[in-house]
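Treat the numbers as computed from the prediction; the structure is a model and nothing was measured. Chain identifiers are assigned alphabetically (A, B, ...) following the order of the sequence lines, protein sequences preceding nucleic acid strands; residue numbering begins at 1 within each chain.
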Amino acid sequence: MVEQLSPLGAAYRPGRHGRVNDTVGATLSERQPGSIVQLAAWSGQEDAMRALIKDISGLELPATSGGGTAEPAKAAFGIAPGKVLLIDDTDGIFADYSAALPENIGVVTDLSHGRSAIRIVGPSAEWVLSKLFAIDFTSGAFPVGAGRSTTHHDIFTQMQRSGEDQFDLYVFRSFARSFWQTLCHAAGEVGYEVI
Amino acid sequence: MLITCPYCGPRDVSEFTYQGDGNRTRPDPDSTDLGAWNRYVYDRVNIAGEHNEIWQHSGGCRMHIAITRSTTTHKISSVRAMRDAGPGAGQ
Ligand SMILES: [Zn+2]
């Protein structure tokens, strides 16, 4: 596997920050999945696309807006009508889908090098994200596995709740450092750890 | 102002981009009727009240949507996906 170069650069500072002698409100990290792909089904082919995703990746997606599922090494969630973002720790998933996806069902786009994956986990994760995004983060409105497409100050973000108090954020790679710094500022108040 | 995206649910207006008046009909691209093109490009009904508009959820699912919005109260009485509503949906 090719070693990935992080776009976070010097802004990525492992260790405790903010309220360093107190509890950790949130833990921030950069995930570096081998593959990030977008799957887009033609109108009326959404069920066929979900079936294909189940065949290839074993991920079962609910047919709801933003419906998704998250496993430790792979995840997928709805980002728009007929569109799914799929993340896999393994390299080369694009080639698998490219080979298996019939052109009458939809198309696959490789975004592995176009997005950065940032994880925030902890008791204050919802609170920190609520400062940045104008969406409802309560678990009733945003259940585990579900995804959202939203924006923070024009930085387009696709996110998935991958655990009770855990969110994975996918931002454009070229904006990732700026977004990371904003996220760190937002988390300072609750005390955070970068791992 | 909140717009309820058919896919994403209620979102702040800052996530959306206005795509124009939904009341106009684009002339046939082959048409050389200058009057029809002039009306399409320049004439607006400028309603004080219920207005048909095209918006895009550009900071979300990126869907194009047909909206009926009151220009006096900002109350939105109808939101439909353009893919369901089809061409000329603003009317
Ligand atoms: Zn939307």
TODO: Could you list which of residues 5-14 of chain A have a heavy atom closer than 4.5 Å to any heavy atom of chain B, in residue-number order?
DONE: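 At a heavy-atom separation under 4.5 Å, chain B is reached by no residue of residues 5-14 of chain A.
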Task: Pair listing, side chain to side chain donor-acceptor pair (under 3.5 Å) test, anchored in residues 33-47 of chain B, at least two apart - done: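 Of all non-adjacent pairs touching residues 33-47 of chain B, those that pass side chain to side chain donor-acceptor pair (under 3.5 Å) are B/Arg26-B/Tyr40.
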Open item on the list: For the CZ atom of B/Arg11 and the CZ atom of A/Arg148, what is their distance to the nearest 0.5 Å?
Closed with: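 So the gap between those two atoms works out to 7.0 Å.
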Task: Residue A/Ile135 versus chain B: region with a heavy atom under 4.5 Å - done: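 It is the side chain, since no backbone atom gets that close.
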Task: Single-linkage hydrophobic cluster, 4.5 Å side-chain cutoff, A/Val121 and A/Phe167 together - done: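 No, A/Val121 and A/Phe167 fall in different hydrophobic clusters.
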Open item on the list: According to a hydrophobic-cluster definition based on side-chain heavy atoms being under 4.5 Å apart (Ile, Leu, Val, Met, Phe, Trp, Tyr only), do A/Ile93 and A/Leu111 belong together?
Closed with: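 No; tracing contacts between hydrophobic side chains, which count when under 4.5 Å, never links both residues.
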Might you confirm whether atom [atom1] of [X] has over 12 heavy atoms from other residues, nucleotides or ligands at distances under 6.0 Å?
X	atom1	value
A/Lys83	NZ	no
A/Lys54	NZ	no
A/Asp154	CG	no
A/Glu60	CD	no

Task: Considering all heavy atoms, the nearest A/Thr151-B/Glu15 contact - done: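 Heavy atoms of A/Thr151 and B/Glu15 come nearest at N-OE2, 3.8 Å.
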Open item on the list: Heavy-atom cut-off 4.5 Å, strictly under: side chain, backbone, both or neither for B/Ser14 against chain A?
Closed with: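 For B/Ser14, no heavy atom lies under 4.5 Å from chain A.
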Open item on the list: Would the distance check show the side chain of A/Ser149 and the main-chain N or O of B/Cys61 forming a donor-acceptor pair, the cut-off being under 3.5 Å?
Closed with: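 No; judged by distance alone, with no hydrogens or angles, the pair does not exist.
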Open item on the list: Let's test your reading of the structure: which of A/Ala141, A/Ala134, A/Gly66 forms the most heavy-atom pairs below 4.5 Å with chain B?
Closed with: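 With the most close heavy-atom pairs to chain B, the winner is A/Gly66.
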TODO: List for me each residue that meets side chain to side chain donor-acceptor pair (under 3.5 Å) alongside A/Arg119, sequence neighbours excluded, and say none if there are none.
DONE: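 Partners of A/Arg119 by the side chain to side chain donor-acceptor pair (under 3.5 Å) criterion, ordered by chain and then number, come out as A/Asp168.
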Task: Contact list for residues 84-131 of chain A, test ring pair (Phe, Tyr, Trp, His ring centres under 6.0 Å), sequence neighbours left out - done: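 The answer is none; no pair qualifies.
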